Amino acid sequence: MWLVAGLAHTSEPVDRPAVRDDLMRTWVPEPGSGYRTPDGRRRTTWAQLHSRFDLVEVTP
């Protein structure tokens, strides 16, 4: 399932899925808001992820 949309639509999905970007990094939702890599070394918001990468939902 591709989670790409028009540039104007950058609201975070309600279910907050874990996603993989086109660089094969997995991003998991953080408690509260935002996303992080599983090792916690990188953090970002959904809008930043969505604007820079093609995202694919991954199953936990």
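All values reported here derive from a predicted model rather than from experimental measurement.
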Problem set entry | Pairs flagged by salt bridge (charged side-chain N to carboxylate O under 4.0 Å, His left out) wherever residues 36-51 is involved - sequence neighbours left out |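 Applying salt bridge (charged side-chain N to carboxylate O under 4.0 Å, His left out) to every pair that reaches into residues 36-51, excluding sequence neighbours, yields Glu30-Arg43.
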
Problem set entry | salt bridge (charged side-chain N to carboxylate O under 4.0 Å, His left out) contacts in which one or both residues fall within residues 17-27, not counting sequence neighbours |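 Checked against salt bridge (charged side-chain N to carboxylate O under 4.0 Å, His left out) - neighbours excluded - the pairs reaching residues 17-27 are Asp21-Arg25.
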
Exercise. Which atom pair, heavy atoms only, marks the closest approach of Pro29 to Arg16?
Worked result: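 For Pro29 and Arg16, the tightest heavy-atom pair comes out as CG-O, 3.2 Å.
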
Problem set entry | side chain to side chain contact (heavy atoms under 4.5 Å, CB included) partner of Val19, chosen from Leu49, Val56, Val58 |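 Single pass found, and it is Leu49.
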
Exercise. Is there side-chain contact between Tyr35 and Val28, with at least one heavy-atom pair below 4.5 Å?
Worked result: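 Side-chain contact under 4.5 Å: no.
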
For this session: Enter the distance from Phe53:CZ to Gln48:CD here, rounded to the nearest 0.5 Å.
Result: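 These two atoms lie 10.0 Å from each other.
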
